[in-house]
2 protein chains.
Amino acid sequence: MAMSGKRSPARRPTMKDIARHAGVSQSAVSFALNGRPGVSEETRDRVRRVAEELGWRPSTAARALSGEGAATVGFVLARPADTLGVDSFFLQLVSGIQEVLAERHLGLLFQVVEDIGDECAVYRRWWAEHRVDGVLVVDPRTDDPRPDLLDELGLPAVVIGGAPDERHPGLSTVWADDAGAMASVVDGLYALGHRRIVHIAGLPGLAHTERRVRTLRAEAGRRGLSEVESVSTDYSDAEGAAVTCRVLKRPAPPTALIYDNDVMAVAGAATAAELGFSVPADVSVVSWEDSALCRMVKPWLSALSRDSVAFGRTAARELTALLDGGSARAVRVPVPRLVERGSTGVARDA
Amino acid sequence: MAMSGKRSPARRPTMKDIARHAGVSQSAVSFALNGRPGVSEETRDRVRRVAEELGWRPSTAARALSGEGAATVGFVLARPADTLGVDSFFLQLVSGIQEVLAERHLGLLFQVVEDIGDECAVYRRWWAEHRVDGVLVVDPRTDDPRPDLLDELGLPAVVIGGAPDERHPGLSTVWADDAGAMASVVDGLYALGHRRIVHIAGLPGLAHTERRVRTLRAEAGRRGLSEVESVSTDYSDAEGAAVTCRVLKRPAPPTALIYDNDVMAVAGAATAAELGFSVPADVSVVSWEDSALCRMVKPWLSALSRDSVAFGRTAARELTALLDGGSARAVRVPVPRLVERGSTGVARDA
DNA sequence: ATTAGTGACTAATACGCATTAGGGCAACTG
DNA sequence: CAGTTGCCCTAATGCGTATTAGTCACTAAT
């Protein structure tokens with residue numbers, strides 16, 4: 001009567017089933033499977049075998065409910081839908097994150113939202129719904145509401161790409177030394193004779209953008225270069241091209257362009273070519289992000305290369321450490337390395 | 001004694017708290033908040049207000065445990081880590097998916113794995129762990145183990161990009177008519193005088209690859225073209241370039257190249273240029289995927305353009321319909337439209 | 001006036017797991 | 001030999017929600 005004709009989709013086995021099959025109590029099963037004392041090694045083995053046989057897996061829901069956490073970490077990407085275009089960084093980052101999370105059978109709850117306000121709302125909801133044990137935060141800003149929020153919620157978090165922040169001792173940080181990288185890039189360009197340099201920067205509010213801009217200014221000041229500047233963009237190929245066009249049409253155009261991502265670098269290089277500038281004879285191009293894209297144009301673009309997958313792995317490891325009760329740390333990953341390809345050369349007027 | 005000095009991270013309010021504040025029982029709260037009969041409108045309102053005030057959100061863990069499902073949808077991407085390079089499709093797809101899921105407060109559990117075997121293991125685990133209510137399946141294969149598995153587990157699923165499959169009436173499908181698109185592309189090229197066409201296809205096992213290959217063969221046969229073929233690749237820029245190089249070095253090189261994605265198309269166009277072939281004078285290039293990439297090379301690439309975000313939205317909607325108890329359907333999204341840009345033209349020998 | 005019915009609510013239970021509090025039983029201890 | 005300890009195990013709760021089975025007061029029908 002109760003059973004209707006519907007397909008019966010293989011009931012999930014529970015600890016009760018195991019207990020019955022093994023002839024012990026549920027508690028014994030729990031002890032056995034969680035490595036707790038209270039059962040003999042013999043029983044433990046038997047229980048394990050039965051569990052294996054039945055294909056048992058703990059219900060995360062039940063686990064979460066009895067205080068063990070949700071076995072899930074969250075990742076929010078705050079970007080207008082149309083902005084996530086050709087961008088290999090995030091997928092690679094996520095891929096690295098997964099490698100580490102998968103080892104521990106942690107799930108990754110992923111969400112794309114419009115802006116940082118929505119992102120905060122998501123954190124609040126996840127927290128209230130008991131959905132995640134911790135989160136990975138990307139694109140830290142100079143004036144960022146998220147650390148405070150996460151502190152308030154007591155949600156373990158790792159900030160990816162942010163400089164260490166002594167005001168939030170609860171948050172871990174994984175970051176690259178953009179300042180050092182920028183200094184070395186400027187160093188290299190200076191050595192090649194470049195004196196007029198334009199940095200086509202990314203979004204102005206982002207922490208790493210600010211670090212790069214500041215460092216560029218400092219380096220320029222140190223060398224007495226007045227025709228060095230940063231221009232903010234939205235990372236899109238369109239703006240990259242537009243800015244390139246604008247600066248190259250000046251009476252004294254820059255001889256070197258530093259783009260904050262690969263998309264803009266490629267678009268910029270193409271624009272330069274259209275305007276009759278030869279790369280690298282007339283203008284050198286550096287991409288602050290390496291990817292297949294940089295090898296799809298002629299000449300190949302010199303680029304700052306970093307291992308985004310490893311970056312993700314590191315971040316995920318820090319988060320798991322935090323979840324295990326470890327204390328927060330700031331981890332610096334290796335400075336991105338400049339891969340010299342065909343797009344950088346001696347300055348024309350040098 | 002019990003309370004240590006640790007920060008106390010704002011306890012989550014539960015229904016019990018609401019009940020206490022509103023002066024009713026927990027059951028009344030449950031009825032009130034879920035729109036069940038059994039409470040007066042007055043009480044319902046009061047309870048709602050209190051819940052709002054306290055910032056209450058149902059614990060997904062508890063919900064899942066009491067049979068309501070996990071309020072989560074799964075998405076597995078089976079790709080070797082190094083293969084997820086410059087690919088805008090998936091991020092856009094996911095972005096579209098999220099739009100729909102977010103409305104219903106459904107989470108998206110995301111996982112990247114190495115191969116389809118791992119993917120199946122993930123489904124099994126998610127199912128056993130009670131983690132997801134349904135999944136979105138991408139990259140359907142011609143001989144695919146996943147539909148059977150999902151049937152067996154009784155896990156609602158939507159296959160993205162697969163043709164309708166009458167053997168799995170439980171699965172919904174959202175697909176584009178590759179066959180029609182391929183036919184129209186061949187039509188267009190034929191009209192321009194092209195007789196020797198090479199299709200640089202994607203991975204051989206994929207369903208949509210096979211559909212395109214079959215259609216190309218049929219179209220060629222219908223017109224009596226003997227020098228038309230498909231070559232399988234792994235979607236990488238490297239293979240795209242390699243195949244392009246190989247076919248263009250033939251005694252009678254093709255006059256038109258159809259690439260199964262934007263990455264290969266760009267790499268191929270560059271290779272053609274290096275070999276001294278002018279695009280489109282000597283060889284026409286069509287990209288089966290439109291993105292900013294296609295507008296980063298000269299000439300801009302003609303491409304089959306589809307709205308990936310909308311595609312994702314449609315898929316997500318089908319899944320939510322399934323979760324609501326709807327029956328499976330096969331939905332066809334609009335045929336991708338060929339955007340003519342500078343890379344296609346009249347065949348040289350026409 | 002007794003009964004049936006209804007609306008508004010409370011009590012009790014289930015979900016699957018972890019954990020705490022026991023309950024026997026054997027081997028020591030004094 | 002009673003008392004203690006240690007081992008292996010079972011019984012009983014709790015987590016937060018949904019649901020089912022009552023309870024109680026009051027109205028409508030017989």
Side-chain angles (χ1 to χ4, degrees), chain A residues 2 10-48 50-51 54-72 105 125-131 133, chain B residues 2 10-48 50-51 54-72 105 125-131 133:
Chain A
R11 210 175 59 78
R12 297 163 175 81
T14 73
M15 294 182 62
K16 200 190 277 180
D17 300 319
I18 302 179
R20 190 150 21 82
H21 277 81
V24 292
S25 70
Q26 294 185 42
S27 330
V29 174
S30 178
F31 293 150
L33 295 173
N34 294 320
R36 294 280 138 102
V39 285
S40 63
E41 278 311 307
E42 193 194 324
T43 309
R44 193 184 297 275
D45 275 0
R46 186 156 41 91
V47 168
R48 280 205 184 117
V50 174
L54 263 46
W56 177 86
R57 296 249 71 210
S59 150
T60 44
R63 267 224 153 102
L65 199 54
S66 47
E68 289 301 279
T72 305
H105 291 262
R125 188 147 47 74
W126 280 352
W127 171 80
E129 292 178 353
H130 239 109
R131 262 180 182 283
D133 302 327
Chain B
R11 208 176 61 78
R12 296 162 175 83
T14 74
M15 293 182 61
K16 200 189 276 180
D17 299 320
I18 302 180
R20 189 151 21 81
H21 277 81
V24 293
S25 71
Q26 295 184 41
S27 330
V29 173
S30 178
F31 293 150
L33 296 174
N34 295 319
R36 292 281 138 102
V39 284
S40 63
E41 278 311 307
E42 191 195 325
T43 309
R44 194 184 296 276
D45 276 1
R46 185 157 39 92
V47 167
R48 281 207 183 114
V50 173
L54 263 47
W56 176 84
R57 295 250 73 210
S59 149
T60 45
R63 268 227 155 103
L65 197 55
S66 46
E68 289 300 280
T72 305
H105 292 260
R125 188 146 48 73
W126 280 352
W127 172 79
E129 291 179 352
H130 239 108
R131 261 179 183 284
D133 302 328

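Naming convention: chains lettered A, B, ... in sequence-line order (proteins, then strands); numbering from 1 in each chain. Note that the coordinates shown come from a computational prediction; the quantities given were computed from them, not determined experimentally.
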Asks: Compare every heavy atom of A/Glu129 with every heavy atom of B/Arg57, then report the nearest pair and how far apart it is.
Replies: NH1-OE2, 2.7 Å

Asks: Taking CG from A/Leu65 and C1' from D/dG14, how many angstroms apart are they, rounded to a whole number?
Replies: 9 Å

Asks: When rounded to the nearest 0.5 angstrom, what distance separates CZ in B/Arg46 from OG1 in B/Thr43?
Replies: 5.0 Å

Asks: Looking only at N and O atoms, is any donor in the side chain of B/Ser27 or the base of D/dA18 less than 3.5 Å from an acceptor on the other one?
Replies: no

Asks: Please classify the nucleic acid contact of A/Glu68 as base, sugar-phosphate, or nothing, using heavy-atom distances under 4.0 Å.
Replies: sugar-phosphate

Asks: Both B/Gly23 and A/Pro58 contact DNA chain C. Taking the nearest nucleotide for each, which residue is further toward the 5' end?
Replies: B/Gly23

Asks: How is B/Gly38 classified with respect to the nucleic acid when contacts are heavy atoms under 4.0 Å: base, sugar-phosphate, or nothing?
Replies: base

Asks: Counting only side-chain nitrogens and oxygens, does B/Arg63 get under 4.0 Å of the OP1 or OP2 atom of D/dA18?
Replies: yes

Asks: Is B/Arg44 touching bases, backbone alone, or none of the nucleic acid, heavy atoms closer than 4.0 Å?
Replies: nothing

Asks: Taking DNA chain D as the partner, which of residues 30-37 of chain B come within under 4.0 angstrom of it by heavy atom?
Replies: B/Ser30, B/Phe31, B/Asn34, B/Arg36

Asks: Atom NZ of B/Lys16 to atom P of D/dA18: distance rounded to whole Å?
Replies: 15 Å

Asks: Going 5' to 3' on DNA chain C, which nucleotide is the first and which the last to come under 4.0 Å of a heavy atom in chain B?
Replies: C/dA8 to C/dG16

Asks: Using modelled atom types and a 3.5 Å cut-off, is there a donor and acceptor pairing between side-chain atoms of B/Arg44 and backbone atoms of B/Arg36?
Replies: yes

Asks: By nearest heavy atom, map B/Val24 and B/His130 onto DNA chain C; which one lands nearer the 5' end?
Replies: B/Val24

Asks: Any chance you could lay out the side-chain contact (heavy atoms from CB on, under 4.5 Å) test for A/Val39 and A/Val47, step after step, and finish with the verdict?
Replies: CA-CA 10 Å; A/Val39 285; A/Val47 168; over 6 Å; no

